[in-house]
Amino acid sequence: MTEKFGTLESKINKLFTYFITGIIWLSIVLIIAVIGSVFDIIFRRWNDDIGMFIIIVIAQILLIFCCTALIMSFTYRRKQKIRKVMINEEGATFYNSRNHIVDTVLYSELQHSKSSSADIYVRNTQTVKYGKITLIVFLRDKTGEMILKNIDFNFEYVILSNQYELYRHFLKGVQRFRPDLEIGRQTIEQYSLTTEHPPANEWGTFEYIMAAFFLLVVLAVIYAFIVIIKTLV
């Protein structure tokens with residue numbers, strides 16, 4: 001009897017997600033505080049040095065632009081961006097924060113590659129398990145043209161705790177429902193597709209580096225906040 005192919009849903013790492021969100025909003029607040037202090041300097045010293053006054057005005061404009069761009073990138077169409085993915089016997093279905101379907105990648109739609117040695121393979125910027133990874137597949141568009149598509153479980157401003165398992169589950173589905181497609185050898189090894197159980201989740205070099213980086217960011221933000229407060233006082 002064939003075992004039923006289960007459904008796997010993405011899980012948000014709330015700790016890291018809230019941390020990143022907090023850092024972004026704190027950065028916005030700090031930039032606004034700096035803008036306010038610069039305005040104060042402009043009104044108090046605008047006639048002391050015209051050259052310096054012009055430099056400060058230009059810097060102020062750049063600060064306002066950066067703050068506006070940061071707010072826009074963080075809030076623009078946020079409810080429409082991908083926040084969840086579910087992988088089942090049909091393929092991968094992506095949802096936004098309103099639980100509306102944004103995109104689907106079905107196993108039945110996957111195509112054979114004409115230009116690559118493998119029909120499905122990973123593209124990653126790091127060699128560790130939780131690096132920046134996308135899965136490359138081939139589909140046909142509405143005109144019948146062959147296109148390359150990235151399956152990306154790196155959601156914007158959202159950190160997933162089971163990203164590795166999601167890629168592995170999708171690839172397991174390819175092996176089961178589309179055995180005619182060839183998965184890259186490196187991809188098979190990276191996701192342990194020849195075994196039934198994935199490797200245990202253990203912190204590697206990348207995880208420790210990211211933890212140290214986040215700690216440095218927190219310290220830097222706290223220091224910047226203290227400096228700005230002293231400047232204003």
Side-chain angles (χ1 to χ4, degrees), residues 3-21 78-111 113 116 118-139 147-179 181-207 209-211:
E3 184 180 354
K4 184 178 179 181
F5 188 76
T7 299
L8 182 64
E9 181 178 340
S10 58
K11 297 178 181 178
I12 296 177
N13 187 323
K14 295 182 179 180
L15 177 62
F16 280 102
T17 299
Y18 291 155
F19 174 80
I20 291 175
T21 302
R78 187 176 180 183
K79 293 183 178 180
Q80 313 239 345
K81 294 177 181 177
I82 295 174
R83 287 294 178 268
K84 182 179 74 172
V85 62
M86 294 187 67
I87 301 173
N88 55 25
E89 68 276 1
E90 295 182 353
T93 304
F94 298 85
Y95 300 84
N96 59 20
S97 60
R98 297 178 178 177
N99 214 32
H100 296 162
I101 295 177
V102 177
D103 192 16
T104 57
V105 180
L106 304 179
Y107 296 127
S108 59
E109 296 177 344
L110 301 180
Q111 303 293 319
S113 169
S116 176
D119 302 314
I120 301 173
Y121 58 93
V122 293
R123 176 183 295 164
N124 55 331
T125 55
Q126 288 98 10
T127 57
V128 293
K129 185 169 63 174
Y130 290 106
K132 168 67 174 178
I133 295 173
T134 58
L135 189 63
I136 308 300
V137 299
F138 295 87
L139 302 173
I147 59 172
L148 183 148
K149 182 177 179 65
N150 292 323
I151 298 179
D152 191 355
F153 298 143
N154 303 281
F155 301 158
E156 194 171 352
Y157 302 121
V158 173
I159 307 298
L160 300 181
S161 60
N162 64 338
Q163 186 187 88
Y164 178 85
E165 289 77 10
L166 289 169
Y167 282 117
R168 187 177 187 274
H169 197 63
F170 183 87
L171 290 166
K172 278 289 189 180
V174 172
Q175 287 183 319
R176 180 165 180 173
F177 303 110
R178 291 297 306 274
L181 298 176
E182 183 177 351
I183 301 174
R185 182 175 299 275
Q186 180 183 352
T187 305
I188 292 175
E189 295 175 355
Q190 184 172 346
Y191 287 95
S192 305
L193 298 179
T194 56
T195 61
E196 288 300 321
H197 301 288
N201 291 332
E202 296 180 354
W203 272 38
T205 304
F206 179 76
E207 284 81 3
I209 291 175
M210 289 303 296

- [ ] Report the residues that fulfil ring pair (Phe, Tyr, Trp, His ring centres under 6.0 Å) with Y18, sequence neighbours left out, ordered by chain and then residue number.
- [x] none

Task: Test ring pair (Phe, Tyr, Trp, His ring centres under 6.0 Å) applied to F177 - qualifying residues, sequence neighbours left out - done: F5, Y107

Task: Partner set under side-chain hydrogen bond (donor to acceptor under 3.5 Å, both in side chains) for N88, not counting sequence neighbours - done: none

Open item on the list: Restricting to side-chain hydrogen bond (donor to acceptor under 3.5 Å, both in side chains), what partner residues turn up for E109, sequence neighbours left out?
Closed with: none

Open item on the list: Going by the rule side chain to side chain contact (heavy atoms under 4.5 Å, CB included), which residues pair with L148 if we only count those two or more places apart in sequence or in a different chain?
Closed with: Y121, I136, F138, N150

- [ ] Report the residues that fulfil side chain to side chain contact (heavy atoms under 4.5 Å, CB included) with I101, sequence neighbours left out, ordered by chain and then residue number.
- [x] T93, Y95, T104

May I ask you to decide if [Y]'s main-chain N or O and [X]'s side chain share a donor-acceptor pair within less than 3.5 Å?
X: K84; Y: S10; answer: no
X: R168; Y: Y191; answer: yes
X: N162; Y: K11; answer: yes
X: R83; Y: E156; answer: yes
X: Y167; Y: I133; answer: yes

Task: Within-4.5 Å side-chain heavy-atom neighbours: F153 and F94 - done: yes

Task: Spacing of CZ belonging to R178 relative to CG belonging to L106, to within rounding of 0.5 Å - done: 11.0 Å

Open item on the list: Counting neighbours of CD on Q186 that are heavy atoms of other residues, nucleotides or ligands and sit closer than 6.0 Å, is the number greater than 12?
Closed with: no

